[in-house]
Structures are given as C-alpha cells and as structure tokens.
Amino acid sequence: MKVIMHNSASLDMSITGIPMDMEKHYDIVRKYNPDVYMFGSVTAYSWIKEDTPSESKSDFNKPKKGKPYWVIVDSKGKMENWLHFYRQSEYSGNIIVLVSEETPMSYLEYMSARNYDYIQTGMKHVDYKEAMSILKKKYNVKTLMIDSGGKLNSYFFEHSLIDEISILVSPYVKGVDSLVLFRDIKESIDLKLKTSENLDGYVWLVYQVVK
Ligand SMILES: NC(=O)c1ccc[n+]([C@@H]2O[C@H](COP(=O)([O-])OP(=O)(O)OC[C@H]3O[C@@H](n4cnc5c(N)ncnc54)[C@H](OP(=O)(O)O)[C@@H]3O)[C@@H](O)[C@H]2O)c1
C-alpha cells in the first residue's frame, strides 16, 4: 500500500493560522485519488462548530457511497455523536473509524447502532500497521492519504509507514505562534525531491521518503 502525507503549510511549516488555498489543497487530493483519506480525531473534531447540526433520525442510515473511504483515527471516542457530520459530507465515501481495545464501550455501541464500520486494533492506541493491513485485505485499499495535523503523521513516520510527502507551501511565515507540522518527529528522515510546482504563488512540493 502506498501512503502519502498531504498538508498545507506556511514557509516555516505552520499548519494552523495561515492563509490556505483550500481549492488547490483538495485539487491535489483529487489528483492522488486515494482509496482512503485519513485524519486524526483532533482534526476531525476541529471542524465541529457551535452551529454544526446535531444528529437526526436519517443520519442513522448508512448512505450508499463509493470510495474514497474516509478513515478517522479516534480511539478515545471524541467523535461520539458527531460522526454524522462526516457521513453526510458530499465529498466523503463511507466512514471507517480506527479504534483500540481501550475505546469506550459507549462509542462502539453508538457506531454499531448507526452501522458505521470500525476497525479495532492496539491496546491504548490504534496499531496502525495492523489497521493498515486490515484496510488492505478487507477494503482492498492500495493508496492511503493522511491529511491530518502533525501528530498522526509522526506516529506513521515512527513506524516507517509513509512513502511520500506532499506539501502545499503558502507564501507566508507564521513565526512564533506556529504549530509546526514536523514538531513530533523523533528521528531524522531522508527525502528525495520528486517534483516542485509553482501554483500561482503557492509551491507544491512532493518528496519520496528514502527508506
Ligand atoms: N494545514 C493542514 O494541512 C492541516 C491538515 C489537517 C489538520 N490540520 C490542523 O492540525 C491540528 C490538529 O493536529 P494534531 O496533530 O493535534 O492532531 P491529529 O493529527 O488530528 O490527531 C492526533 C491523532 O494522533 C493519535 N495519537 C495520539 N497519541 C498517540 C499515540 N501515543 N500513539 C498513536 N496514536 C496517537 C490520536 O489518536 P486517538 O484519537 O486514537 O487518541 C489522534 O487521532 C488542527 O488544528 C487541524 O486544524 C492542519
């Protein structure tokens, strides 16, 4: 399975509080056309706002949707009562949630009652290697894109699971308030530049991870 990490970031690699061109960001996602589009629970929850509609009866039904699957890593059940927000998105395929052995029972019951797919691996946190192997075998996943904050990416790097890095660099320096994309990376990573493209002042960089 090929795993690509994709982010928008400022020149100093801040991923929040920066000007982003979402059209360009998602154009790149579409170019990759991944079977799985994955993000972490912090990112997932950051889109739930005060005016996000709460669940209605029809949200219990699993819509018939094609790929890409949208996979949310959420072993703590942060998205309990809010998964319908993603299920109803016009861009999402079916939702799959990655959970662990310590995931609260109430979250598992919430998902079962609404027919959400979930994959349970690992003890405290998700075992990403095992979860990916299940995604490959059960859902025939060949390409997986992670579009998340720095944390989830770093756990994937820890297990050498990322093959390619795609970054859309905004013409901006965030400075001291940066939430830096690579803030949790513990070991250096060798990269090989594959392509670089000027997209109207934004620079799209694609690197292969040297393993
Ligand atoms: N600029 C961009 O391209 C971009 C893209 C996406 C998000 N963002 C921003 O990034 C911010 C959130 O980023 P984030 O890095 O804090 O969070 P995140 O990547 O969304 O979520 C962190 C994930 O790491 C997992 N995790 C935590 N500890 C772990 C451990 N010890 N072992 C294995 N997995 C572990 C968590 O799993 P559990 O849930 O199972 O605990 C969680 O799903 C938000 O502000 C969002 O808006 C920016």
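Read the numbers this way: they start at 1 and go in the same order the structure lists the ligands and their atoms. As a basis for the values below, the full set of heavy atoms in this structure was taken, side chains included, without hydrogen atoms, waters or symmetry mates. Model, not experiment: these values are computed from the prediction.
Using a cut-off of 4.0 Å between Lys/Arg side-chain N and Asp/Glu carboxylate O, R30 and D27 are scored as salt-bridged.
With a 6.0 Å radius and a threshold of 12 heavy atoms from other residues, nucleotides or ligands, K136 has its NZ atom at or below the threshold.
Counting only distance, with no hydrogens or angles, the side chain of D12 and the backbone of V173 share no donor-acceptor pair below 3.5 Å.
Applying the side chain to side chain contact (heavy atoms under 4.5 Å, CB included) test between M5 and each of L144, D163, L181 identifies L181 as the sole match.
By the ring pair (Phe, Tyr, Trp, His ring centres under 6.0 Å) test, W70 pairs with Y37, F39, sequence neighbours left out.
In this structure, ligand 1 sits under 4.0 Å from heavy atoms belonging to N7, S8, I15, T16, M20, H25, G40, S41, V42, T43, S46, V73, D74, S75, K76, H125, Y128, D147, S148, G149, G150, K151, L152, Y155, R183.
With a 6.0 Å cutoff to the six-membered ring centre and a 45° limit on the axis angle, K57 counts as a cation-pi contact of F60.
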